[in-house]
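Below: the structure, in structure tokens.
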Amino acid sequence: MPKRYVAVDLGAESGRVIVGSVENGFEFEVINRFPSRNTRVHATLHWDILYIFSKIKEGLKGAVEKYGDEIVSIGVDTWGVDYGLLDSKGALIGNLVHYRDDRTDGMMERLFDKIGKDEIYRETGIQFMQINTLYQLAAEAEHTPQRLAAAERLLFTPDLLNYWLSGVAVNEYSISSTSQLFNPKTGSWSLPLTEAIALNEGLLQPVVHSGTVLGPLHPKLAEELGIKHEIKVVATAGHDTAAAVAAVPSKAGEKSAYLSSGTWSLLGVELPEAVIDAESAAANVTNEGAADGGIRFLKNIMGLWILQECRRSWEAEGLSIDYGELAAEAAREEPLFVLDVDDPRFLKPGRGEDTMPNRILDFAREQGFSLPERPSQFARVIFEGLARAYAEVIEKISRAGKTEIEVLHIIGGGCQNELLNQLTADRAGIPVTAGPVEATALGNIMYQAIAMGELKDQNEGRERIRNAGGIASYTPS
């Protein structure tokens with residue numbers, strides 16, 4: 001009887017519950033797909049985490065109805081930095097606030113006045129972004145101190161969902177490392193930073209590594225869903241990028257970089273330990289935890305979020321936009337200009353007339369560029385901007401990490417964009433491979449299979465992914 005694993009893969013745009021197995025290579029099917037809903041309450045942007053959990057339960061029940069006791073475990077990966085606060089009885093104190101909420105505006109600069117920017121980087125080696133948990137918690141202490149006062153535990157998004165699934169409260173390594181509160185050198189929470197924001201030391205939980213079995217499904221949840229056999233809850237690679245990077249089809253000893261391409265673009269290399277020095281600080285490179293216990297030395301780039309927001313705006317105007325068709329049309333367009341994708345104006349969701357297309361038009365006017373008119377023209381300038389950003393980051397990562405990069409592996413949904421892949425190869429001047437598309441789900445399944453003893457380690461998992469094929473190649477022109 002094959003072992004089957006339930007991978008809950010939550011992205012900023014949508015979530016999925018997937019059943020996978022590794023007996024004959026990697027095989028999987030999507031049981032259900034749903035939007036990662038968020039909503040504003042007055043001025044605050046929240047995740048609808050209870051709705052998300054209801055869809056996870058729906059997917060798990062459907063998986064068991066189809067495969068019975070072949071389902072042996074479940075694991076969750078999500079976006080980074082966001083968290084939930086629990087009271088003394090384990091109840092959630094309010095909905096999770098979305099990392100794109102306005103509450104962190106100006107918070108980095110205020111915290112730099114309290115504890116120096118250089119010290120923050122020395123402690124964490126994390127890229128400075130206002131969305132990081134450190135600044136969210138500083139904002140929490142300033143705006144809603146009553147929530148922190150009532151809290152006894154802080155769980156990051158996948159940790160919270162694991163807690164609801166199992167009743168076990170821990171912080172997983174890869175997701176903890178995104179917070180800018182974790183010291184990768186000591187492997188523990190940074191006391192200087194928790195003290196700087198007056199964070200109750202007991203809020204942060206013990207850190208466990210990817211592939212840790214937390215225990216069986218909570219008995220009340222099993223009863224609710226009518227599940228009769230034991231299903232383990234595994235703290236897989238909780239950060240979706242860590243899960244995706246685990247599935248990069250690289251070979252041992254290869255001089256390669258990876259690009260996880262989706263709502264965010266995350267580009268970097270794998271290193272055995274953190275690099276925290278003047279050069280990495282100047283390049284604003286981040287040291288995040290890898291699923292195998294090492295380091296993902298990378299930079300966050302704005303990513304396809306800009307196009308996703310444009311699409312949301314166009315569809316609100318009555319246009320129907322298919323990403324595949326849009327990319328094909330963009331390939332036939334002449335590039336009007338190269339968008340600066342990391343301009344801060346592109347970080348937040350649009351509101352009213354302040355839409356993402358209008359922000360791009362404002363950028364073009366400021367620079368004296370020709371204005372895009374058709375969606376395909378907007379898409380082309382976004383793709384050109386992303387390709388240029390990727391090439392620049394490859395150079396920075398190589399220099400700061402003191403490592404050569406001879407090939408780039410693109411994984412995730414964005415790797416299906418043939419135009420962007422070719423533009424990236426051209427700009428970077430190195431070969432590019434594209435695939436697997438479902439790298440995040442594969443990495444999630446891989447670490448469940450390692451936890452359950454079906455795979456020896458990550459190298460064996462990567463070999464099976466390479467042997468499965470379906471990976472395209474692009475040569476720089």
Side-chain angles (χ1 to χ4, degrees), residues 3-9 18 20-28 72-78 80 158 172-178 184 187 207-214 232 234-260 266-274 287-298 401 403 405 407-412 415 433 435-471:
K3 292 179 179 178
R4 299 187 189 274
Y5 309 96
V6 176
V8 178
D9 175 28
I18 294 165
S21 65
V22 300
E23 188 175 56
N24 300 306
F26 276 81
E27 299 176 343
F28 65 90
V72 296
S73 69
I74 181 171
V76 180
D77 68 76
T78 77
E172 186 271 334
Y173 170 59
S174 70
I175 197 71
S176 299
S177 71
T178 69
V207 176
V208 302
H209 281 280
S210 308
T212 297
V213 178
L214 301 181
K232 299 288 189 184
V234 176
T236 185
H239 187 210
D240 52 8
T241 307
V245 171
V248 169
S250 58
K251 300 176 182 178
E254 182 181 81
K255 297 176 180 178
S256 63
Y258 59 82
L259 169 59
S260 179
L266 299 107
L267 197 159
V269 295
E270 296 175 275
L271 298 176
E273 58 185 28
N287 291 268
E288 294 180 2
D292 65 356
I295 292 293
R296 292 175 288 122
F297 190 66
L298 60 89
T403 181
I405 297 175
V407 61
L408 175 66
H409 296 288
I410 304 180
I411 53 176
C415 80
T433 73
V437 175
E438 300 290 354
T440 306
L442 295 180
N444 183 323
I445 292 164
M446 180 193 297
Y447 269 82
Q448 290 188 62
I450 291 171
M452 302 305 291
E454 191 172 4
L455 287 178
K456 178 183 176 183
D457 55 23
Q458 182 172 280
N459 286 334
E460 182 182 356
R462 284 178 167 177
E463 183 180 2
R464 294 197 188 190
I465 289 170
R466 288 196 304 272
N467 292 341
I471 297 171

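Numbers here are sequence positions counted from 1. Small disclaimer: the values here were computed from a predicted structure and weren't measured. FYI, side chains are in, hydrogens and waters are out, and symmetry mates aren't considered; it's all heavy atoms of this structure.
Of all non-hydrogen atoms in T241 and S260, the two that sit nearest each other are CG2-CB, 4.1 Å. Of all non-hydrogen atoms in G80 and I175, the two that sit nearest each other are CA-CD1, 3.7 Å. Closest of all the heavy-atom pairs between G435 and I411 is O-CG2, 3.6 Å. Closest approach of I465 to P249, counting heavy atoms only: CG2-CB, 4.4 Å. Between V269 and S256, the shortest heavy-atom distance links the atoms CG1-O, 3.6 Å. A pairwise comparison of heavy atoms in T236 and G443 identifies OG1-O, 4.2 Å as the closest pair.
Two residues are said to be in side-chain contact when any heavy atoms from C-beta on lie closer than 4.5 Å; P158 and D77 fail this criterion. The shortest distance between side-chain heavy atoms of D292 and Y447 falls below 4.5 Å. K3 has its side chain out of reach of E23: every pair of non-hydrogen atoms, C-beta onward, lies at least 4.5 Å apart. Residues E270 and S250 have side chains in contact (heavy-atom distance under 4.5 Å, counting atoms from C-beta outward).
The side-chain hydrogen bond (donor to acceptor under 3.5 Å, both in side chains) check on K232 picks up E230, with sequence neighbours excluded. With sequence neighbours excluded, no residue forms a ring-ring contact (aromatic ring centres under 6.0 Å, His included) with Y258. Taking E172 as the reference, S174, S210 meet the side-chain hydrogen bond (donor to acceptor under 3.5 Å, both in side chains) condition, with sequence neighbours excluded. Qualifying side-chain hydrogen bond (donor to acceptor under 3.5 Å, both in side chains) partners for D9, counting only residues two or more places apart in sequence or in other chains: R16.
The distance from the CD1 atom of I471 to the SG atom of C415 is 9.0 Å, given to the nearest 0.5 Å. Taking CD1 from I405 and NZ from K255, the interatomic distance works out to 11.5 Å, rounded to the nearest 0.5 Å. Annotation: the span from H239 atom NE2 to L266 atom CG amounts to 6.5 Å, rounded to 0.5 Å. With rounding to the nearest 0.5 angstrom, the CD1 atom of I410 is 5.0 Å from the CG atom of L259. Atom CD1 of residue I18 and atom CZ of residue R4 lie 14.0 Å apart, to the nearest 0.5 angstrom. For the atom pair OG1 (T433) and NE2 (H409), the distance works out to 4.5 Å, reported to the nearest 0.5 Å.
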Distance-only criterion, 3.5 Å: show the donor-acceptor pairs between side-chain atoms of residues 448-456 and protein atoms not counting sequence neighbours.
| from | atom 1 | to | atom 2 | distance (Å) |
| --- | --- | --- | --- | --- |
| Q448 | OE1 | S73 | OG | 2.6 |
| Q448 | OE1 | I74 | N | 3.2 |
| Q448 | NE2 | V6 | O | 3.0 |
| Q448 | NE2 | N444 | OD1 | 2.8 |
| E454 | OE1 | Y5 | OH | 2.4 |

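Pairs of residues two or more places apart, or lying in two chains, never qualify as salt bridge (charged side-chain N to carboxylate O under 4.0 Å, His left out) while including a residue from residues 238-253.
In this structure, R296 contributes its side chain and G289 its backbone to a donor-acceptor pair below 3.5 Å. Judged purely by atom type and a 3.5 angstrom limit, N459 has no side-chain atom pairing as donor or acceptor with the backbone of R462.
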